[in-house]
Every structure is written in structure tokens, then in C-alpha cells.
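Just follow the structure's listing: the first ligand is 1, and inside any ligand the first atom is 1. Values below: every heavy atom of this structure, side chains too, minus hydrogens, waters and symmetry copies.
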Amino acid sequence: MPFAEAQRIKNLPPYLFARIEKLIADKKAAGVDIISLGIGDPDLPTPDYIIDELCRQARVAENHQYPSSVGLLSYRQAVADWYKQRFGVELDPKTQVVSLIGSKEGIAHISWCYLDPGDIVLVPDPGYPVYAGGAILAGAQPYYMPLTRENGFLPDLDAIPADIARRAKMMFINYPNNPTGAVADDAFYRRVIDFAREYNILVCHDAAYSEVSYDGYRPPSFLQFPGASEVGIEFNSVSKAYNMTGWRIGWAAGNPAVVEALGRLKSNLDSGQFQAVQYAAIAGLTAPQDFVFQMQKVYQERRDMLVNALNEMGWQLEKPRATFYIWAPVPKGYTSESFAEAVLEKAAVVVTPGTGYGPSGAGYVRMSLTLPTARLEEAVERLKKHIGPVSF
Ligand SMILES: *Cc1c(COP(=O)(O)O)cnc(C)c1O
């Protein structure tokens, strides 16, 4: 029976990688050993003390019942304490923190709280596809803010036409940034807060990579800047900090009215996250943060290995100060897609075409550091051997 899909799902952007995924599947079927630098998901395990807490709490009968959709108060308190310790930010756990089933869940759903059909939302391009996807599902219209190398991969707020800024109800920003690896300085956050005040725009800052940074750099929280909690919220989770992407536990924090609206929406959609998982996340957030620094060290070594090799081949990449991504321009004569296909054909290595993250991703590919170091070494050898010197 043909069921007509709702317009909101028909409006979602088409899936771009069908062609390259077919090529990958064909190669795998032919027995080729493919190394993927395409996946942004930590390869290292969750620390034992977090797993132990899950196991303990899974045996507690009261955890087997429905949790609340906004999260245990002790979980929200742990998030607030972490903000205090990490950023010096004071949050009221009762009114300024809501638990999420991973930050992706909240990022997708916030649009349902604040966007009506036809409304405009400012979205970074390239960017995490969920910003535009959630907005489109709410019937809203993304306005893409290009992130260019010339602007340090920060949106140029002055380039947003005044009529668009006036009509925009929300803006997504994300630093440290996926996919570009860029970080934002304090002046940028202050400028965003001024802009949001001027045009009455709700700022949604995605801080998913706040703990994945190098060379001693510690990314700030949006919420530590004066006025941030008046104009916005911050999304984050334990996913990237403690290798817990599969556990699905995160939060939104900041503006109380926005936190309340998100919680109210969620009470109509879900019943929150398994309490044992919330207790495990508390264990991660409240333990000494040594684990985070060990993780940073592993990625930093991988980053140095990959960037140094690419630069020997002719790239002129700066080492990203955060995230586990390398955002590399494609050599002369290639598009994002044709270069990704060439790398797959010649080296059996998967890199992601930048266009998967928005039109301004054209001319770039993203390479991820989330694979065992020995496999990354092998990928580097293959690139040197089969792609060789490149020019731009
Ligand atoms: C990984 C990621 C997230 C979401 O992670 P959750 O596991 O849902 O918390 C959010 N934003 C960006 C940019 C990411 O890369």
C-alpha cells in the first residue's frame, strides 16, 4: 500500500553519500580491506569506573521504573557542579539544566519549541546536519551562515542581511567545531551575545567537543560570557568526553525559560534516560578528570601523525586545537566527491566529502582520528604511497 509521506519528511535534504557508499560496499564485497577515516565516533572504551556504576545501578529496583523526562535532580546537580568546576559557571540545577537522550535529541527538538513553519533559523555551513534537519522537521527555514577559512571558520555575523537577522528566531553555533576543527575566541562569543540581544535571537551553542582539545588549550563554555544565559542555552553530553556515544545521555543548560520549554516538550515525547545511565554519567562528571587528559593525549598523537604526513605530501594544514577532525582542502583538479572517490579507489581509505555538511563544505574533506592508532598509521602509509605529492 503506498503511504504518502508527510511534507516535513519529504523536505529533509537528500542523502548525499549514496554513490560513495555503493563504492565502499562493492569494495568490501570484493574483499578489499577498507580503512575508514569517515566516522566521528570514539574508538576507545568508556572508563571502567563508569561501567561499574552502570552495573551497580542496574541492580537497583527503583531504577527500573520510568525516569522523569527532565532527569534526576542528582544528575542535573552533577552537571551544574561540573560547570562550576570546569568553567566557573553557576547554574541552578532545578531550573537551568535538563537531561537529554544525548545532546542530538535536544538539538533536534529545540526547533519544535521555538520555530513555527516559515520561521528562519541561522545555521552554520558546513555544520552538524541535525541543526538544519531539526529545523526543517519543524517546518522552519535554515539560513546558512558560511564558515570560511578566511574567517577562521567563524560565521560573519555582519554578512547576515538585516531583514534575515530580524526574522531569525534562533541561531546554532558549535565550537570547537565539527567538521572544521575550528575554535572560537572570547570576542566571538561576546559578539554573538550582542547580536542575539540586538535581534532577539535564541542562541543554541553546541559544545560537544569542549573536552576534546590539545596543546593545553581548554575551550570555554558559551555560558561563561556575560549575558549568555539571557539569550541562550548550551548543549553538551558525556559522549565525546568519556567515550560514551552509545549511552545516550546529555543535557541542555542555561536560560531557564528555554530549559523549561524543552523539558515540557520532552514530557510529551519521551520519559527520559534510564536512571542507571544517569548515575553512570554522574560517575563520569564527578570523578577526577584524568581520563579526559589521557584521551586528549591519544588523539593529539594521532593528530600530529596525520597532519605531519599530509603536510609532507603538500598540504599546508594547521594542527587543529580541538575536535578529532582534520578539515583538509582537496588538491587541484578535484571536487570533494571526486577526491573522496579517488582516495577510496587508489588507497582504500574513506574520507568524507565536505559537501555532506553543507554547500560551503565544497572543496574540503573531513578525516577523523577515531580509529586505532595502528590503523591510522596504515591509512597514512597508504595515502603517502597511493596519493603521493599533491598540489593546490
Ligand atoms: C557528536 C556530536 C553531537 C552529539 O552527540 P550526542 O552523543 O548526541 O551527545 C552533537 N554535536 C556535534 C557537532 C557532534 O559532533
Identify, by atom number and element, the atoms of ligand 1 in contact range of [X], meaning under 4.0 Å from any of its heavy atoms.
X: Ser237; result: 6 (P), 9 (O)
X: Gly102; result: 8 (O), 9 (O)
X: Ala208; result: 2 (C), 3 (C), 10 (C), 11 (N), 12 (C), 14 (C)

| message | Please check whether Thr245 reaches ligand 1 - meaning an N/O of the residue sits under 3.5 Å from an N/O of the ligand, judged on distance alone. | response | no
| query | Has ligand 1 got any nitrogen or oxygen that is less than 3.5 angstrom from a nitrogen or oxygen of Arg248? | reply | yes
With heavy atoms under 4.0 Å as the rule, classify the contact between [X] and ligand 1 as side chain, backbone, both or neither.
X: Ser103; value: both
X: Lys240; value: side chain
X: Asn174; value: side chain

List the atom of [X], the atom of [Y], and the distance in Å for their closest heavy-atom pair.
X: Ser229; Y: Leu223; answer: OG-CD2, 3.9 Å
X: Pro329; Y: Arg149; answer: CG-NH1, 4.1 Å
X: Val238; Y: Ala281; answer: CG1-CB, 4.1 Å

| message | Please state which option from Tyr175, Tyr131, Tyr209 has its nearest heavy atom closest to atom 15 (O) of ligand 1. | response | Tyr209
| task | Answer with yes or no after comparing the ring centroid distance for Phe324 and Tyr209 against a 6.0 Å cut-off, counting only values under it. | result |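 Here the rings of Tyr209 and Phe324 have centres that are less than 6.0 Å from each other.
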| task | Step through it carefully: locate the ring centre of Tyr128, locate the ring centre of Phe172, and say whether they are under 6.0 Å apart. | result | no
| Checking Asn243 side chain against Pro42 main chain: does a donor-acceptor pair fall under 3.5 Å? |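 Such a contact is absent between Asn243 side chain and Pro42 backbone.
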| request: Specify the protein heavy atom at minimum distance from atom 7 (O) of ligand 1: its residue, its atom name, and the distance to 0.1 Å. | output: Ser239 OG, 2.6 Å
| message | Give me the nearest non-hydrogen protein atom to atom 11 (N) of ligand 1 as residue plus atom name, then the distance to 0.1 Å. | response | Asp206 OD2, 2.5 Å
| Which residue, Gln273, Lys266, Arg248, forms the side-chain hydrogen bond (donor to acceptor under 3.5 Å, both in side chains) with Glu105? |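 Going through Gln273, Lys266, Arg248 one by one, the side-chain hydrogen bond (donor to acceptor under 3.5 Å, both in side chains) with Glu105 is satisfied by Lys266 alone.
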| query | Would a 4.5 Å heavy-atom cut-off, applied to side chains only, mark Leu147 and Ser360 as touching? | reply | no
